[in-house]
Structure formats: C-alpha cells, structure tokens
Amino acid sequence: MKQRNIVCVLLAVGFLLSVTSSCTRHREDLDYSYDVVQTWSLPELQHGEIIQFDTVFWEPDDTVSLRKLIVDDSICTGRSVLEIGTGTGLVAILCAQNGADSVVATDINPAAVANARYNAAMLAEEMELEVRSVSTDAPTAFAVIKDKEKFDLIISNPPWEDGKIAKPADHAFYDPDFELMDSLLDGLPKHLNPGGRCLLAYGHAPAIVRLRDQAKQRGFDFKILDDRKLDELDKDFLPGMLVEIRIPMKLPTAKP
C-alpha cells in the first residue's frame, strides 16, 4: 500500500508539472482536481501522451479498428464528428489530429469530461474539439446535441451490458435497459448527415446481436467491419468489433 501511495504521488506531481509546462494560459474549463492513474503513449498520437484520471474508463483494445480507420483511412478528414462517451478523449483527439473539420465529444462521467478537456488542451489545443458534459438527469445519446446539429460521422465505444449504475464509473460498463443504445439509434436520422456513417465498437456478442436487430427494425443498414465471425467469438472478447450503421436515403414506411 505504501509503495502504491508513492506511485500515486509521483503521478500527481508529474501531472502538475505537465500542466505547468504545457498550458500556455490558464483555462477556466480545465479541472485539475482529479487524481492521475497513469499516462499512455500510443503510436497513433502525433505527439504527447494520454493522461488517465481516476474513475475514467481506459481499454485501448476496445477501439483498435476504429483508431486504424481514423489514422490510416482518413475517415475524419474534412468531416464533422461526434463521439458519444469519450472517456479520456483519445478517439476524439485522434479525429482532430487527423483532419476533422470539427469534433464534439460527450460524456456523463464528470471525471471523464475533465479528463478529455485536459488531454484536448495538451494534444489538440488549436483544433476544433469541444467536450460537453451530459447530465445524469438526461442520459440519452444526444442529450447535449442541439436539435438542428448534424454530423458526418458519429462514433462511440458505448457501454456493452445491461446493468444498474451505482457510481459514475459504471456508465462506461452498463447501459440500463439499453436506453443509450436505443436513443442513439433513434437519434441517427435526425443527427447524421445524408451519406454519413455511425461506427460503434463493441466487445460483447449479445450487445452486437441486439444492436443488429434494433437497427434492422428501424430500417437501417447494418454491417460488421471485422473478419471475425460473431458466432465464433466468446461472449466477451477483445479487440472490440467495429459495427457500421448507415441510414438509407429513404427509410421504409412503417406498416399500419
């Protein structure tokens, strides 16, 4: 325990030093009160490291395929991007660093909002990247998106399982009654530009099956962007599987 406390102190000191040396001015939207768990250096980043705050979810294997598309296939270049559930802000920052015209990132965990804003200030300060905080009173996918706000690309590594929320960190793991999934699908026709893409990363087979069924019920195009066969994978698996959802130019008319 004593050794762990020493490590935490060193991380906190390093965090404060990085704030002092990297920030060119005081930012009122940055919160420096959270403990630093660790820092990560990833080859996809153009410079710097990702800092992870306490209670903020971090599993880089969840989004391997998504990050590859962002960096290698330039899927964000010249496009407007929304990331739902940004966590540390890594994916949103990669979008900004790889040519996105604008990026909006959201999260319901206050620590994650602070974390993403800090990392964005360090790694994408001169870029169009805005982090918005979602209230627990309205935990839907587009709760902080304006009615007429649309995006070319909507991305997320959402919570994978149905479950109860007991603390802020649980929002990264549990989607009670899959309300977030359903609200995301329901909001796509309103917030996804014509010809736009929705890319979701999941590592939980039952959630992908449910997502597929719900997307098809709404008349959306559903495609798994992975060479692996879903029925051959364990219930939980890594790396995460990337799923693409598109809205047909003309949705089928609902039957009376």
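Sequential numbering from 1 along the given sequence is applied to the chain's residues.
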Ignoring hydrogens and geometry, is there a side-chain-to-backbone donor-acceptor pair from [X] to [Y] under 3.5 Å?
| X | Y | value |
| --- | --- | --- |
| Asp162 | Asp177 | yes |
| Arg246 | Lys223 | no |
| Glu49 | Thr39 | no |
| Lys235 | His204 | no |
| Asp73 | Ile75 | no |
| Asp54 | Asp35 | no |
| Glu44 | Leu94 | no |
| Asn115 | Asn119 | no |
| Ser183 | Ala141 | yes |

Of Val104, Val144, Leu82, which meets side chain to side chain contact (heavy atoms under 4.5 Å, CB included) against Glu149?
Val104
[Y] and [X], any side-chain heavy atoms less than 4.5 Å apart:
| X | Y | answer |
| --- | --- | --- |
| Trp40 | Thr88 | no |
| Asp62 | Trp160 | yes |
| Val131 | Asp107 | no |
| Phe151 | Ser102 | no |
| Ile208 | Phe222 | yes |

Do Tyr32 and Tyr34 belong to the same hydrophobic cluster, where Ile, Leu, Val, Met, Phe, Trp and Tyr are linked whenever their side-chain heavy atoms lie under 4.5 Å apart, directly or via other members?
yes
Leu211 with Tyr174, same ILVMFWY side-chain cluster at under 4.5 Å
no
Are the charged groups of Asp182 and Arg210 less than 4.0 angstrom apart, N to O?
yes
Charged N to carboxylate O under 4.0 angstrom, Lys167 versus Asp170?
yes
Using the six-membered ring wherever Trp is involved, compare the ring planes of His191 and Phe142 and label them parallel, tilted or perpendicular (cut-offs 30° and 60°).
parallel
Please work out whether the ring planes of Phe57 and Phe173 are parallel, tilted or perpendicular, with thresholds of 30° and 60°.
perpendicular
How many angstroms lie between CG in Leu153 and CG in Leu69, if you round to the nearest 0.5 Å?
9.5 Å
Just checking, any donor-acceptor pair under 3.5 angstrom between side chains of Asp152 and Ser80?
yes
